[in-house]
Amino acid sequence: IASCLVGSEMCIRDSYNSDKSKLTINNDVKLIKNGDKKFQLLFEDLKKAEHHIHLEYFIIKDDNIGTDFLNLLCKKAKEGVEIRIIIDDVGSSISSKMKLKLRDCGVEMHSFMPVLFSKFTGQMNYRDHRKIIVIDGKIGYLGGVNVSDRYVNANNKRYWRDTHVRIIGEAVKQLQILFFTTWDFVVDDNIEISKEYFPEHNCEENIPLQIAASGPDTDWSNIMEAMFVAITNAEDYIYVTTPYLIPNAEIVTALQVASRSNIDVKIIVPKSSDSWIAEYATNSYLELLLEAGVEVYHYTKGFIHAKTMVVDGVFSTVGTANMDYRSFNINFEVNALIYNSKISKQLIELFKSDMDDSEKIDLETWKNRSKRTKIIEAIARLMAPIL
């Protein structure tokens, strides 16, 4: 623990000073690969809930997995468990019939920043991109996996590679505070805070981590700054996985300088994105990084949606924030900043496994892509921050 904390001291201080993100020690952390495993574990935890279940999600849909999920919440509400749900009004899509069922079961559900025509709004509003679950104040989930069939490979034609994290311990209190803060924003309702929402923890593991939140309601770009500090203090390697690589100038420069300083910098992005404009915008940055010696890999097995970074085996982050302008400045995001060699090792193993399903991009070959492609990339890069 001591070596990890010393190696990450600047990141810890920055996150605390900018967001009062408390460093918690008594935590058990489980990395989850893909939605199939997440929902298996999550459903088991939800069935055992006794007091409350709190959810804050960008996407919840009442498709196959979503219907099973919402029906389980209804069942728990009928058992007397308090269920509170915050859904993003643009990202989520739940039928009126299901909403009525949830209400009749006693589930409290509210939309984050409702819009009049959500289907035609696109992504131009400030959206709640977080994926948070808190169960009895003891178990927390966060990461890239939303509640929809597209995140479950058993229900999905295209392989979807994602990473989520399950936390038991002190850090769950930080997730709970974050949920209550958002609830206070979207609901005109004062919840009486009791000790049941913030129980004491005594975990077998002692994994240090911080919960970093960022968005238009924070004074600083907390998650971006944590990444920046980690990159600029790296000594050996930096491994990044992101579905959308549309970074600001600070992050680009930090990655370039790190690579030119003989630090091993590797990045995995999708070869084929779920958004053509994000794909072209991401590709517009690759030449700058390749010229600095950064190794970039195109994931080819399907779509990689994981948002992770590992630095020197002492710092890692898993969360909802992409390495892009919207996550850094516009949307409401949450990441776990983890200071533990065991978790870092597990993320490195996942990263190397994903490299096996990727193509390494050759700089000279990349430079020879057509002028038409480069023009589309330039246009997409200009448009990406507002679309």
Side-chain angles (χ1 to χ4, degrees), residues 3-19 21 23 144 163 208-214 218 220-269 281-282 284-297 304 306-329 333-341 343-345 347-348 350-352 354-355 361:
S3 63
C4 286
L5 295 181
V6 170
S8 307
E9 184 180 356
M10 281 190 66
C11 191
I12 295 169
R13 289 204 311 265
D14 176 74
S15 296
Y16 178 80
N17 291 333
S18 61
D19 191 38
S21 179
L23 176 68
T163 301
L209 69 86
Q210 292 170 289
I211 299 297
S214 65
T218 60
W220 306 93
S221 299
N222 302 312
I223 296 173
M224 186 279 289
E225 289 185 4
M227 292 180 177
F228 177 83
V229 171
I231 293 168
T232 55
N233 282 275
E235 296 181 354
D236 296 316
Y237 59 84
I238 302 163
Y239 299 156
V240 176
T241 304
T242 181
Y244 314 114
L245 182 66
I246 313 171
N248 54 21
E250 292 88 343
I251 293 294
V252 171
T253 301
L255 290 169
Q256 290 174 318
V257 171
S259 181
R260 291 201 301 267
S261 301
N262 294 324
I263 292 168
D264 181 22
V265 183
K266 292 181 170 65
I267 302 174
I268 298 177
V269 295
T282 292
S284 73
Y285 285 89
L286 301 189
E287 191 168 325
L288 288 170
L289 297 171
L290 291 167
E291 287 178 334
V294 175
E295 293 183 21
V296 183
Y297 296 81
I304 193 160
K307 306 120 183 339
T308 67
M309 181 168 73
V310 190
V311 178
D312 291 351
V314 298
F315 169 85
S316 61
T317 180
V318 179
T320 69
N322 306 303
M323 193 170 275
D324 73 355
Y325 179 86
R326 297 196 66 81
S327 286
F328 289 163
N329 298 285
E333 307 280 2
V334 59
N335 273 40
L337 311 180
I338 306 168
Y339 310 94
N340 179 262
S341 57
I343 297 299
S344 292
K345 183 179 179 180
L347 276 171
I348 291 169
L350 288 176
F351 187 89
K352 290 182 177 179
D354 292 333
M355 281 178 58
I361 301 175

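No experiment lies behind these values; they were computed from the predicted model shown. FYI, the numbering just counts along the sequence from 1.
- When each of Asn322, Asn335, Thr241 is paired with Lys307, the side chain to side chain donor-acceptor pair (under 3.5 Å) condition holds for Asn322 and for no other.
- The nearest pair of heavy atoms linking Ser344 to Val314 is OG-N, 3.9 Å.
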Can Lys266 and Ile238 be said to form a side-chain contact (heavy atoms from CB on, under 4.5 Å), step by step? CA-CA 6 Å; Lys266 292 181 170 65; Ile238 302 163; over 6 Å; no
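- For the residue pair Glu333 and Ser327, a side-chain donor N or O sits within less than 3.5 Å of a side-chain acceptor on the partner.
- Using bins of under 30°, 30° to 60° and over 60° for the plane-to-plane angle, the ring pair Tyr239/Phe351 lands in the parallel bin.
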Start with the C-alpha gap between Val318 and Met309, add the side-chain angles, then the distance that decides, and say whether side-chain contact (heavy atoms from CB on, under 4.5 Å) holds. CA-CA 7 Å; Val318 179; Met309 181 168 73; over 6 Å; no
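- Of all non-hydrogen atoms in Ala321 and Met227, the two that sit nearest each other are O-CE, 4.3 Å.
- Panel note: side chain Ser284, backbone Ala281; a donor-acceptor pair is recorded below 3.5 Å.
- Formation of a donor-acceptor pair under 3.5 Å by the Asn222 side chain with backbone atoms of Glu225 is not found in this model.
- Between Ile343 atom CD1 and Phe315 atom CZ the span is 13.5 Å, to the nearest 0.5 Å.
- You'll find the side chain of Val240 stays beyond 4.5 Å of the side chain of Thr308, heavy atoms only.
- A pairwise comparison of heavy atoms in Thr232 and Val229 identifies OG1-O, 3.2 Å as the closest pair.
- Val310 pairs in a side-chain contact (heavy atoms from CB on, under 4.5 Å) with only one of the listed residues (Thr317, Leu347, Ile338), which is Leu347.
- At distances below 3.5 Å, at least one donor-acceptor pair connects side-chain atoms of Thr242 with backbone N or O atoms of Met323.
- Between Val334 and Ile211 the shortest side-chain heavy-atom distance falls below 4.5 Å.
- With a 4.5 Å cut-off on side-chain heavy atoms, Val252 and Tyr285 count as touching.
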Show the numbers, then the answer: is there a side-chain contact (heavy atoms from CB on, under 4.5 Å) between Ser259 and Leu255? CA-CA 6 Å; Ser259 181; Leu255 290 169; over 6 Å; no
Between Ile268 and Met355, is the side-chain contact (heavy atoms from CB on, under 4.5 Å) condition met? List the steps. CA-CA 7 Å; Ile268 298 177; Met355 281 178 58; 3.8 Å; yes
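- More than 12 non-hydrogen atoms from other residues, nucleotides or ligands lie less than 6.0 angstrom from CD of Glu291.
- Using a 4.5 Å heavy-atom threshold, the side chains of Leu209 and Leu337 count as separate.
- Residues Val265 and Ile231 form no side-chain contact, since every pair of their non-hydrogen atoms from C-beta on lies 4.5 Å or further apart.
- Under the 4.5 Å side-chain criterion, counting only non-hydrogen atoms from C-beta, Asn248 is in contact with Met224.
- No side-chain heavy atom of Glu287 sits less than 4.5 Å from a side-chain heavy atom of Leu289.
- When all heavy atoms are compared, the tightest approach of Ser221 to Phe328 is OG-O, 3.3 Å.
- The CD1 atom of Ile267 sits 9.5 Å away from atom CD1 of Ile361, with the distance rounded to the nearest 0.5 Å.
- Salt-bridge check for Lys352 with Asp354: failed, with every basic side-chain N at 4.0 Å or more from each acidic carboxylate O.
- Closest non-hydrogen pair, Glu235 versus Ile263, comes out as O-CG1, 3.8 Å.
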